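Every chain is numbered from 1 and lettered A, B, ... according to where its sequence line falls, protein lines coming before strand lines. These numbers come from a predicted model, not from an experiment.
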Amino acid sequence: MPIRLHDSLTRELRELRPSPDGVFRFYNCGPTVYAPAHIGNFRTFVVNDVIRRLLELEFGADKVRHVRNLTDVDDRTIGQSQKEKRPLAEITKTWTELFHADCAALNCLPPHVEPTATGHIREQVDMIECLMEKGNAYRAPDGSVYFKIASFPGYGALSRIKERELKVTTSAFDADHKDDLGDFALWKAHKPEEDGDVQWPGPSGAAAGRPGWHIECSAMIKKHLGETIDLHTGGVDLLFPHHENEIAQSQCCNGTIFARHWYHSEHLLVDGTTMSKSKGNYYTLGDLVAKGYSPMAVRLALLMGHPRKQLNFTLDSLHAAESALASLRAHRASLAAAGAAHDAFASVLAMLQDDLNTPGALGALFTIINRKEGEPDAASFDRVMFALGLDLHQPAAPKATVPTEITALAEKRWAAKQAKDFAAADGLRKELTAAGWAMLDGKDGYKLEPLKK
RNA sequence: GGCGCGGUAGCCAAGUGGUAAGGCCGAGGUCUGCAAAACCUCUAUGCGUCGGUUCAAUUCCGACCCGCGCCUCCA
């Protein structure tokens with residue numbers, strides 16, 4: 001069954017098809033590594049991970065080539081480096097490592113190539129020179145290089161912006177160097193007071209400096225995937241100007257279609273509004289793990305909304321996800337290794353293949369589980385878990401360290417219970433509860449867990 | 001102002017021109033000394049408001065109300 005996915009350019013559902021050589025080329029815009037990624041960022045990466053998994057199931061793991069970049073030089077990374085007075089590479093290394101750890105915890109398959117902007121300066125400079133030679137870019141008085149959007153008739157096709165609605169902002173100081181306010185930077189001339197020692201030799205005729213943001217994706221895609229790719233994705237916020245600019249750069253330089261399919265996932269809202277530190281609703285994966293939630297529950301919660309709809313994320317939804325995961329684990333344990341119905345969960349995959357309807361897929365999944373019809377086999381179930389990227393082996397929550405006084409209370413209660421002094425046992429349970437601990441009795445022993453709020 | 005998205009049970013959230021998936025919570029039950037877990041059962045005459053089209057609308061059309069995102073470097 002083909003995978004159908006909304007295409008942001010044509011705004012319709014279109015089938016995903018590999019390149020003529022049978023390889024599917026997939027590029028997903030990655031993070032800027034200057035701070036911990038938040039769960040809104042991870043919504044996009046988890047959604048893209050599901051796309052990656054569906055592609056592997058559809059075309060074969062060896063036929064999918066997935067590239068996701070790391071933006072390790074831009075205003076924010078440099079700003080952070082200046083602020084902390086640490087070298088840029090040190091800053092970006094720190095946050096790249098955390099990003100990788102978070103991705104692994106969320107069970108995201110690593111991309112086949114994860115190129116960095118600083119590792120591809122040469123490729124970016126080459127592309128800028130190509131654009132200058134073709135008349136699509138020009139050198140500004142300060143030595144920066146800008147892309148001339150008037151030179152590309154197709155500009156605005158993706159975002160449907162025909163004439164730029166200019167919004168007066170004081171931060172548009174770069175406008176002084178541009179021919180047109182819509183033009184965007186391909187290369188930014190070095191500014192010692194802002195950039196510190198971050199600079200490279202520029203394109204021929206330009207000043208030393210660093211690449212503009214958009215050019216890295218165009219250059220790295222060309223190097224690692226070629227001039228035309230099969231799918232390009234990112235968050236909706238990248239639609240304009242980032243992806244619009246990528247199209248302009250790549251198509252003007254290469255003279256051929258850049259991406260045959262575009263897909264943008266919507267934003268995550270928290271408590272009905274955008275995340276921000278001042279509102280106190282800004283979460284990183286680490287924040288949620290510290291609250292006792294498992295990364296797998298975070299992943300499930302991020303998939304509970306349709307990827308092209310804003311998702312209202314709440315701590316309650318994490319609760320729901322944690323419970324739902326427990327059901328899935330229980331169900332998996334009850335499945336026979338080889339049941340009769342080897343395609344029992346096909347409808348779940350069908351939902352995913354129909355424009356990545358993750359909530360619909362989860363609904364179909366639980367419906368099948370609840371009906372208990374036939375004898376679903378483990379392989380079919382596991383295939384669905386693979387597609388969703390749900391690792392059921394992961395513990396529900398990290399082990400908490402039990403304070404010695406709690407252990408002592410528990411021991412006393414266990415002894416009282418063994419002596420059938422239930423009144424004393426109940427009293428001790430109350431004390432434990434008051435202290436925030438749950439004592440789970442087993443046949444031959446007990447477990448202690450922090451009470452869920 | 002421009003472009004775009006959405007308003008479905010206490011919360012989250014699918015969906016279809018023919019009478020509302022699913023998850024969580026809650027209630028009842030089975031099982032357990034208690035608690036927890038597991039399992040079973042139940043939970044929207046209703047899908048922002050008002051009109052229209054239709055044999056039939058939550059689903060199509062129009063108007064209105066409300067919320068949200070992007071509009072130069074934010075996934």
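No N or O donor and acceptor, one from the side chain of A:K430 and one from the base of B:C34, sit under 3.5 Å apart. No hydrogens or angles were tested; on distance alone, nothing pairs the side chain of A:R429 with the base of B:G33 as donor and acceptor under 3.5 Å. Counting distance only, with no hydrogens placed and no angle test, the side-chain atoms of A:D441 and the base atoms of B:C34 include a donor-acceptor pair under 3.5 Å. The base of B:G33 sits within donor-acceptor range of the side chain of A:D426, with an N or O pair under 3.5 Å.
For A:K417, the listed nucleotide lying nearest its side chain is B:G33; candidates were B:C74, B:G33, B:A75. Among B:G22, B:G4, B:A13, the nucleotide with an atom closest to any side-chain atom of A:P359 is B:A13. Of all nucleotides listed (B:C73, B:A75, B:A21), B:A21 comes nearest to the side chain of A:T367. For A:K188, counting side-chain heavy atoms from C-beta on, the closest listed nucleotide (B:A38, B:A75, B:C73) is B:C73. Side-chain proximity of A:R160 to the nucleotides B:C3, B:C74, B:U72 is greatest for B:C3. Of the candidates B:C39, B:C70, B:C3, the closest approach to any side-chain atom of A:A330 belongs to B:C39.
Here A:G363 lies in heavy-atom contact (under 4.0 Å) with a base. Within 4.0 Å (heavy atoms only), A:R11 reaches sugar-phosphate atoms of the nucleic acid but no base atom. Note on A:A324: only backbone sugar-phosphate atoms sit closer than 4.0 angstrom, heavy atoms only; bases stay farther off. Residue A:M351 is out of contact with every strand shown, counting any heavy-atom pair closer than 4.0 Å. Among the protein residues, A:H306 comes within range of the sugar-phosphate backbone only, with heavy atoms under 4.0 Å from sugar or phosphate atoms but none that close to a base. Residue A:N357 is in sugar-phosphate contact alone, with no base atom involved, counting any heavy-atom pair closer than 4.0 Å across all strands shown. Residue A:R308 is out of contact with every strand shown, counting any heavy-atom pair closer than 4.0 Å.
B:U8 and B:G46 have their C1' atoms separated by 8 Å, with the value rounded to a whole Å.
Interatomic distance, A:Q124 CD to A:W187 CH2, rounded to the nearest 0.5 Å: 7.5 Å.
With contacts defined as side-chain heavy-atom distances shorter than 4.5 Å, the pair A:H331/A:F381 qualifies. You'll find the side chain of A:R299 stays beyond 4.5 Å of the side chain of A:L302, heavy atoms only.
The only option from A:V198, A:T71, A:L70, A:L88 that meets the side-chain contact (heavy atoms from CB on, under 4.5 Å) definition with A:T77 turns out to be A:L88.
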Sort me out a list of protein N/O and nucleotides 8-11 of chain B N/O pairs below 3.5 Å, or just none if empty.
none

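Aromatic ring pairs are classed by plane angle as parallel below 30°, tilted from 30° to 60° and perpendicular above 60°; the pair A:F152 and A:Y155 is perpendicular.
Residues passing the side-chain hydrogen bond (donor to acceptor under 3.5 Å, both in side chains) test with A:E431: none are found, sequence neighbours excluded.
The distance between the ring centers of A:F147 and A:H214 does not fall below 6.0 angstrom. Here the two rings, on A:H120 and A:H224, have centers that are under 6.0 Å apart.
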(Q) Pairs counted only when both distances fall under 3.5 Å, Watson-Crick or G-U: show me the 5' to 3' dot-bracket for RNA chain B, [ ] for pseudoknotted crossings and | for other-strand partners. (A) (((((((..(((.....[...))).(((((.......))))).....(((((..]....))))))))))))....
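By the criterion of a centre-to-centre distance under 5.5 Å and near-parallel planes under 30°, the ring of A:H267 forms a stack with the base of B:A75. The aromatic ring of A:F422 sits over the base of B:G33, with ring centres less than 5.5 Å apart and planes tilted by under 30°.
When only modelled atom types and interatomic distance are considered, A:T284 and A:D287 share a side-chain donor-acceptor pair under 3.5 Å.
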